[in-house]
Protein chains: 2
Amino acid sequence: MAIEVPKTRRGEASRAVILKAALDLFQEHGYEATTMRAIADRAGVSLGSSYHYFPSKEHLVLEFYRHTHELHAVAIAPLLSRERDLATRLRGTVRAVVITCEPFHAVAGSIFSTVANPSSPLNPFGGTARPLRDEVLQLYADVVSGSDARIPRDIAEFLPLVLWLYQMGILYFWIFDSSPGRLRTLEVIDETTDLIVRLISLANLPVLRGSRKRILGLIKDIVES
Amino acid sequence: MAIEVPKTRRGEASRAVILKAALDLFQEHGYEATTMRAIADRAGVSLGSSYHYFPSKEHLVLEFYRHTHELHAVAIAPLLSRERDLATRLRGTVRAVVITCEPFHAVAGSIFSTVANPSSPLNPFGGTARPLRDEVLQLYADVVSGSDARIPRDIAEFLPLVLWLYQMGILYFWIFDSSPGRLRTLEVIDETTDLIVRLISLANLPVLRGSRKRILGLIKDIVES
DNA sequence: ATGTGAATTTGAACACGTTCAACTCTCAGC
DNA sequence: GCTGAGAGTTGAACGTGTTCAAATTCACAT
């Protein structure tokens with residue numbers, strides 16, 4: 001089960017060629033339709049070799065996931081360094097998620113369900129995928145902290161986590177979205193990001209103080225699982 | 001792919017014995033660890049016979065799901081006929097969900113991920129599972145309509161759907177909950193159900209009117225996928 | 001050159017979910 | 001009793017993800 005790290009130049013090349021074959025095939029035919037034998041074939045290695053570097057087919061998806069995350073991070077860098085308005089930053093960031101993932105829309109369903117499986121090594125609430133999750137959380141922390149919005153400390157503390165969960169919800173909606181140009185998802189993003197920023201600003205209302213404290217306490221409770 | 005309905009008494013008996021074997025084995029060893037061969041063995045039929053009545057292993061999970069839904073409906077009937085307070089009804093209903101599912105906690109993870117797969121026939125947003133989903137929605141409609149709470153019509157219209165989604169969220173949390181007696185989940189249920197009822201009552205505040213309209217419009221938009 | 005040992009590669013083998021053509025059973029109509 | 005058609009049943013066979021013991025490669029020390 002240990003993830004094998006290549007220890008020679010030859011090993012590095014093998015790992016790379018297997019990974020590239022897998023990413024290409026996932027994109028071309030989807031996750032389930034891509035067989036480990038097909039990956040090995042295209043990579044020009046034997047079936048067993050793939051398992052030397054990737055303990056399972058799911059671990060290849062984890063790399064796929066990391067790949068899209070990096071595309072996403074690159075895509076939003078200009079926006080984050082230019083723009084200061086929180087709603088704009090958030091909208092741009094989440095829009096960029098679905099735009100980045102668009103080439104994989106057809107295959108996203110099976111990948112999502114793999115990721116959602118609590119016993120999968122890919123599950124974002126589990127251990128293996130932790131480094132990647134932390135990167136995404138950091139990204140949303142940057143979205144918030146780089147804005148000129150003044151967020152109460154107690155809210156800011158959990159906002160990245162909430163936004164990350166929100167992004168997953170958007171992705172799940174996007175998977176089902178068959179509208180042309182995925183316009184429905186983009187509309188939902190525009191509406192929800194605005195709504196989120198608005199609700200944050202409302203959280204200071206006296207009448208909402210009680211609920212706010214309870215919600216934050218709840219989140220803290222949930223996180224400490 | 002068509003779901004075969006038994007047409008003789010013999011067929012009915014076979015279907016029943018296969019289903020019972022599957023439910024028992026799922027409960028004993030979990031979904032993935034239960035093989036179709038083991039199900040056929042325990043049922044005393046051949047491997048092929050199982051496929052005559054259930055087109056896939058996943059379809060057996062659908063029956064499993066239906067089974068727990070019926071247990072749940074029976075469990076909350078007394079509460080719903082006795083109690084009128086919305087928070088109490090809601091809390092009791094959602095508590096009953098996790099209590100009903102407790103015997104299956106160990107296997108719930110893989111079942112959940114199967115259900116979450118958009119291309120699975122079990123996906124609640126898809127077609128095959130629609131009758132069962134509608135039953136659950138009706139159940140939450142009863143929880144609301146049988147209470148003495150006065151809910152604005154626009155909110156009441158979508159409340160069952162929202163509560164159903166909320167229930168799925170609770171179940172996902174429960175899957176990860178390893179606290180003794182699953183106490184953490186029960187606490188989260190108590191807190192969130194109270195919060196939901198409180199937020200509904202706050203929705204009439206003038207300052208929240210705008211957000212309320214937008215949220216409801218959003219939900220309407222999403223539902224019309 | 002040669003030997004050594006770790007890294008890498010191989011493909012046969014396993015258990016699984018699923019398919020399907022062939023088989024058996026049942027019983028209404030004669 | 002016989003027949004035929006439809007319902008039910010069977011298990012071999014396929015393609016899949018995964019495992020593993022054996023074979024191969026190769027940098028380095030001798």
Side-chain angles (χ1 to χ4, degrees), chain A residues 1-19 21-22 25-26 29-64 107 110-111 113-114 117 119-122 128, chain B residues 1-19 21-22 25-26 29-64 107 110-111 113-114 117 119-122 128:
Chain A
M1 253 302 171
I3 294 168
E4 286 296 329
V5 168
K7 287 165 187 154
T8 50
R9 219 162 303 141
R10 184 170 165 231
E12 275 170 39
S14 288
R15 201 196 114 101
V17 81
I18 292 166
L19 183 55
L25 285 171
F26 285 160
H29 306 119
Y31 174 71
E32 270 131 6
T34 299
T35 69
M36 292 299 285
R37 283 164 183 80
I39 293 172
D41 269 7
R42 178 171 296 201
V45 302
S46 76
L47 179 57
S49 246
S50 309
Y51 282 93
H52 188 70
Y53 298 105
F54 304 97
S56 77
K57 197 179 173 188
E58 291 186 345
H59 280 80
L60 281 164
V61 177
L62 185 57
E63 295 301 317
F64 186 87
V107 323
S110 47
I111 289 177
S113 89
T114 307
N117 191 334
S119 58
S120 160
L122 277 71
T128 309
Chain B
M1 253 297 171
I3 294 168
E4 286 296 329
V5 168
K7 286 163 187 154
T8 52
R9 219 161 304 143
R10 186 174 165 224
E12 276 169 39
S14 288
R15 201 195 113 100
V17 81
I18 291 166
L19 183 54
L25 285 170
F26 285 159
H29 307 117
Y31 174 71
E32 271 131 6
T34 299
T35 69
M36 291 299 285
R37 285 164 179 81
I39 293 172
D41 269 6
R42 179 171 296 201
V45 302
S46 77
L47 179 58
S49 244
S50 309
Y51 283 92
H52 188 69
Y53 298 105
F54 303 96
S56 76
K57 196 180 172 187
E58 291 186 344
H59 281 79
L60 281 164
V61 177
L62 185 57
E63 295 300 317
F64 186 86
V107 321
S110 48
I111 289 177
S113 90
T114 307
N117 191 333
S119 58
S120 160
L122 276 71
T128 309

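As a basis for the values below, the full set of heavy atoms in this structure was taken, side chains included, without hydrogen atoms, waters or symmetry mates. Chain letters run A, B, ... following the sequence lines, proteins first, then strands; residues in each count from 1.
- Counting any heavy atom pair closer than 4.0 Å across all strands shown, B:Gly48 reaches a base atom.
- A residue-by-residue look at B:Arg10 and B:Glu32 shows that B:Glu32 has its nearest nucleotide of DNA chain C further toward the 5' end.
- With hydrogens and angles left out, the side chain of A:Arg37 and the base of D:dG15 share no donor-acceptor pair within 3.5 Å.
- Contact annotation: the side chain of A:Ile39 approaches that of A:Met36 to within less than 4.5 Å [non-hydrogen atoms, C-beta and beyond].
- Between B:Tyr51 and D:dT10 there is no side-chain N or O to OP1 or OP2 distance below 4.0 Å.
- A:Gly11 approaches A:Pro6 most closely through the heavy-atom pair C-CB, 3.4 Å.
- Rounded to whole Å, the distance from NZ on A:Lys57 to P on D:dG15 is 16 Å.
- Whole-Å rounding puts the A:Lys7 NZ to C:dA6 P distance at 11 Å.
- Side-chain atoms of B:Tyr51 and B:His59, non-hydrogen and from C-beta on, never get closer than 4.5 Å to each other.
- For B:His52 and B:Ser49, the side-chain atoms include no donor-acceptor pair closer than 3.5 Å.
- Listed nucleotides: D:dT16, D:dT18, C:dA7. Nearest to the side chain of A:Met36: D:dT18.
- We find that CZ of B:Arg9 is positioned 21 Å from P of D:dG6, with the value rounded to whole Å.
- Atoms CZ (A:Phe54) and P (C:dT9) sit 12 Å apart, rounded to a whole Å.
- OP1 or OP2 of C:dT8 has not a single side-chain nitrogen or oxygen of A:Ser49 nearer than 4.0 Å.
- When side chains are defined from C-beta on, A:Tyr53 does not count as touching A:Leu19, because their heavy atoms never get closer than 4.5 Å.
- For the pair B:Ser56 and C:dG17, the criterion of a side-chain N or O lying under 4.0 Å from OP1 or OP2 is not met.
- If you measure from atom NE2 of B:His59 to atom C1' of C:dG17, you get 14 Å, rounded to the nearest angstrom.
- Across all strands, B:Thr34 comes closer than 4.0 Å only to sugar-phosphate atoms, never to a base (heavy-atom distances).
- A:His52 places its NE2 atom 14 Å from the C1' atom of D:dA23, with the value rounded to the nearest Å.
- For the segment residues 40-47 of chain A, residues with any heavy atom less than 4.0 angstrom from an atom of DNA chain D are, sorted by number, A:Leu47.
- When the side-chain nitrogen and oxygen atoms of B:Ser14 are compared with OP1 and OP2 of D:dT9, one or more of them lie within a distance under 4.0 Å.
- Of the listed nucleotides (D:dG8, C:dC16, D:dG17), C:dC16 has the atom at the smallest distance from the side chain of B:Thr35.
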(request) Report the C-alpha distance between B:Asn117 and A:Glu32 in whole Å, list the side-chain angles of each, state the deciding distance to 0.1 Å, and finish with yes or no for side chain to side chain contact (heavy atoms under 4.5 Å, CB included). (result) CA-CA 12 Å; B:Asn117 191 333; A:Glu32 270 131 6; 3.8 Å; yes
(message) A:Phe26 vs A:Ile111, test: side chain to side chain contact (heavy atoms under 4.5 Å, CB included). Steps then yes/no.
(response) CA-CA 10 Å; A:Phe26 285 160; A:Ile111 289 177; 5.5 Å; no
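- For the pair A:Tyr53 OH and C:dT10 P, the interatomic distance rounds to 10 Å; values are reported in whole Å.
- Between A:Glu58 and A:Leu122, the shortest heavy-atom contact is O-CD1, 3.0 Å.
- Rounded to an integer number of Å, the gap from CD1 of A:Ile39 to P of C:dT10 is 16 Å.
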